[in-house]
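Given the structure is predicted, the values throughout are model-derived calculations rather than measurements.
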Number of protein chains: 2
Amino acid sequence: MAHQHPEPSAAQTDPEPAAPMPPRRRSRPTIGDVAALARVSKATVSFVVNGRAGVSSRARQRVLEAAAELGWQPSAGARALSTRRAQALGLVIRRPPELLSTDPFFPQFLAGVESGLSPLDYALVLQVVETEEAERNAYERLSHDGRADGVFLTDLQLDDRRPVLTDGLGLAALIIGPERRDSPVPALGVDDAEGVRRAVEHLHALGHRRIGHVSGAEGYVHAEARRRAWTAALDDAGLPEGPLEAADFTGAGGARATHALLDLPEPPTAILYANDLMAIAGIAAATGRGLRVPEDLSVVGFDDIPLSEYVAPPLTTIRQDVIAWGRAAAQQLVSLAQGHPFQATALPPVEFVARASTAPPAR
Amino acid sequence: MAHQHPEPSAAQTDPEPAAPMPPRRRSRPTIGDVAALARVSKATVSFVVNGRAGVSSRARQRVLEAAAELGWQPSAGARALSTRRAQALGLVIRRPPELLSTDPFFPQFLAGVESGLSPLDYALVLQVVETEEAERNAYERLSHDGRADGVFLTDLQLDDRRPVLTDGLGLAALIIGPERRDSPVPALGVDDAEGVRRAVEHLHALGHRRIGHVSGAEGYVHAEARRRAWTAALDDAGLPEGPLEAADFTGAGGARATHALLDLPEPPTAILYANDLMAIAGIAAATGRGLRVPEDLSVVGFDDIPLSEYVAPPLTTIRQDVIAWGRAAAQQLVSLAQGHPFQATALPPVEFVARASTAPPAR
DNA sequence: GGCGCCATTCAAACCGGTTTAAAATCTGAG
DNA sequence: CTCAGATTTTAAACCGGTTTGAATGGCGCC
């Protein structure tokens, strides 16, 4: 009853009064615990897990056993602090959240990146920002905080300053998209032009002569690339210039642009869209006007999103293996972050997928 | 003539930099640099940036000036090591990469999470794993490595062991989805049932009596919830049980299930799908059989993905504000990770969106 | 037996912060 | 002018690893 409790926490466990034992912490074992159990120093344990020479096989054996018994794995955080390696890559996306969710490219790319990263035991740190300043700040913090060893640069704009920024920070970086001249940062991208050419040839062979294009958001490198490829392909095929309508990669934009093209005095008989989302919306827009696809209007998309095969009519499109692209990008950036030089990697080429949204034009 | 270049960095413009010292990553200032410049100790700087009492305003002033001059910001990594707080949340997704990219829920949720996280200066660590063991491992490492202070649990299965796991790790967690009884982990989800009821009432009012359902992947909590809501809503409306076909949330599955339902001796006149992706594929499947939507078959989706408004016919669906959900989840989990108790938050209710894919049944 | 050499091993410093306990300084009352 | 009490400041330990420089031990050789 009148017990004195000079040390309330110590009074609970009776048999061990000398050892102060914090009962709450169930924290995982540290390198020190392993070292103690194996009767070696922390340094030896560190050598073993990092495969460094200079450890007797007897000691190595004991360390491995101790680590296994305790279920110990080195803490990536602590390791990052001493080695300045985060074992993680960063992906910063500047886009309002509402727009992010409409982009079918993003989740596929992310899936690919992850599938490339997880075997290498790298994590991915994601940030979505809205302003350019916040974006710059994000890269700086990612670098300085030791949260990421390298970053992906996506949605590159024509006058983008991020390559210079990451270069100045000494942060490994990889541009996702077509290569650019004079860039301090290497790029990894597939050649959109080949697929576009194949699509135009396909339409040409069907008999189309007025082939329009609905382009993606202006100022973006990949939107420009696809637009230029369309112009060049028309030229190569000996066809006249076609009508162009600028859009923004969204369903709403695709629908609007489609109406604009069909309102022309001489509307195109086929339209090539800069992505599938706009193409699907375009089919709906044309159908809504009483046109039949593909009889009255042929439609070609770009990306081959999972849904494209399952709309009516199934969409003829240009397939990019975005997952493979993401995987290759992840591997490449890890390699760059580890200090290896850039090595050009072959990506699976874009592939033209003919489905039912294209047909000969009505005579 | 011979200009003097006293600055050490001046030799950089030489064409062949045989420089022995390539300053790779320019190291950013540390707390020590700031302390030295402000002529105080590291502890004082730490107190200032953490808003702790016991610093004279003179000292505080000097510290802030020094930090501003050096452009110093504390390193999240080092801070994580000493405080065991990562200022980051984790999201582990167990799904093959191919499937991840077909899920329209995911990017929207991610966008919402990010929009909730970035004002709080929290980062998001993403991991995609394929096996259950890798998943468990991921949570353990996230926790032990100090990479994340809390984790989201998504795609909960009926007998999921993750709540027990994170609870055992002492890791804050939040289930994304309907609440569950006896779970050690709180859940945040909208009530799917209300939307489903509204949809069934809508179809009933139009005159439908045979209302089928294409459900999502079996074993998943949200797929089950929608299926049960459908059964209950039919019952409430005084309608007979409808035909059910299990699918998997993908376009292919939706198409297959649609054909199965339409092959029945007495096919339904309306189908409620567990997500929009399957509904859109269902429209195409029905159209491919020569049926007209909505005249011969009414279709209702679930989610209201951005494309749903722009398919032909525009999809009647049940809208979830997934972005708001993600944002609320992020705020809630941060709060949990900071040790605050769970506080039920109101989510925007699901909303029934009537478009053109529903109509009275052909008589 | 004494010596040098090489292979192991380890104590200690370090990464960049936080936090504690104690020292230093400043008050104001007596 | 003293001294207790409150306020401000700092040195040092710590988080969990890596890395270095030096100590230890075993072995062959003269």
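- Using a 4.0 Å heavy-atom cutoff across all strands shown, A:Ser46 reaches at least one base atom of the nucleic acid.
- Rounded to an integer number of Å, the gap from CD of B:Gln61 to P of D:dT8 is 16 Å.
- In the interface, the side chain of B:Lys42 is paired with the base of C:dG17 through a donor and an acceptor atom under 3.5 Å apart.
- As judged by a 4.0 angstrom heavy-atom cut-off over every strand, A:Ala59 is placed among residues touching the sugar-phosphate backbone only.
- B:Asn50 places its CG atom 15 Å from the C1' atom of C:dT20, with the value rounded to the nearest Å.
- A donor-acceptor pair is defined here as one N or O able to donate and one able to accept, closer than 3.5 Å; no such pair exists between the side chain of B:Ser183 and the backbone of B:Glu179.
- Summarising the geometry, the separation between CD on A:Gln73 and P on D:dG17 is reported as 11 Å, rounded to the nearest angstrom.
- A straight line from CG of A:Asp33 to C1' of D:dC15 spans 13 Å, rounded to a whole angstrom.
- One can place CG of A:Leu81 at 12 Å from P of D:dG17, the figure rounded to the nearest angstrom.
- Formation of a donor-acceptor pair under 3.5 Å by the A:Thr345 side chain with backbone atoms of A:Gln343 is found in this model.
- For A:Thr30 and D:dG16, the shortest distance from a side-chain N or O to OP1 or OP2 is not below 4.0 Å.
- Close to C:dG17, at under 4.0 Å from its OP1 or OP2, lies a side-chain N or O of B:Trp72.
- Set against C:dC10, D:dA11, D:dT18, the side chain of A:Phe47 has C:dC10 as its closest nucleotide.
- The side chain of B:Ser56 lies closest to D:dT8, out of C:dT8, D:dA11, D:dT8.
- When each of C:dG16, C:dT18, D:dT10 is scored by its nearest atom to the side-chain atoms of B:Ala43, the top-ranked nucleotide is D:dT10.
- At a threshold of 4.0 Å, the pair A:Arg95-A:Asp155 counts as salt-bridged, since one of the basic side-chain nitrogens sits closer than that to a carboxylate oxygen.
- A straight line from CZ of B:Arg79 to C1' of C:dT18 spans 9 Å, rounded to a whole angstrom.
- Between the NE2 atom of B:His144 and the P atom of D:dC15 there is a distance of 12 Å, rounded to whole Å.
- No donor-acceptor pair under 3.5 Å is formed between the side chain of A:Asp149 and the backbone N or O of A:Arg85.
- Comparing B:Thr83 and A:Thr44 by the nucleotide of DNA chain D that holds the closest heavy atom to each, the one mapping nearer the 5' end is B:Thr83.
- Within the 4.0 Å cut-off from OP1 or OP2 of D:dG16, at least one side-chain nitrogen or oxygen of B:Arg84 is found.
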Identify each donor-acceptor pair in which a side-chain atom of residues 35-45 of chain B lies under 3.5 Å from a protein atom, sequence neighbours left out, and give them as a table.
| residue | atom | partner | partner atom | Å |
| --- | --- | --- | --- | --- |
| B:Ser41 | OG | B:Ala43 | N | 3.4 |
| B:Ser41 | OG | B:Thr44 | N | 3.4 |
| B:Ser41 | OG | B:Thr44 | OG1 | 3.3 |

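- Between B:Asp167 and B:Arg162, none of the side-chain N atoms (NZ, or NE/NH1/NH2) sits under 4.0 Å from a carboxylate O, so this pair counts as no salt bridge.
- Considering only the side chain of A:Ile31, D:dG17 comes nearest among D:dG17, C:dT9, C:dA11.
- Neither OP1 nor OP2 of D:dC15 sits under 4.0 Å from any side-chain N or O of B:Arg85.
- Counting any heavy atom pair closer than 4.0 Å across all strands shown, B:Arg52 reaches a base atom.
- Of the side-chain N and O atoms in A:Ser82, none sit less than 4.0 angstrom from OP1 or OP2 of D:dT18.
- Counting non-hydrogen atoms under 4.0 angstrom, A:Val45 reaches nothing in the nucleic acid.
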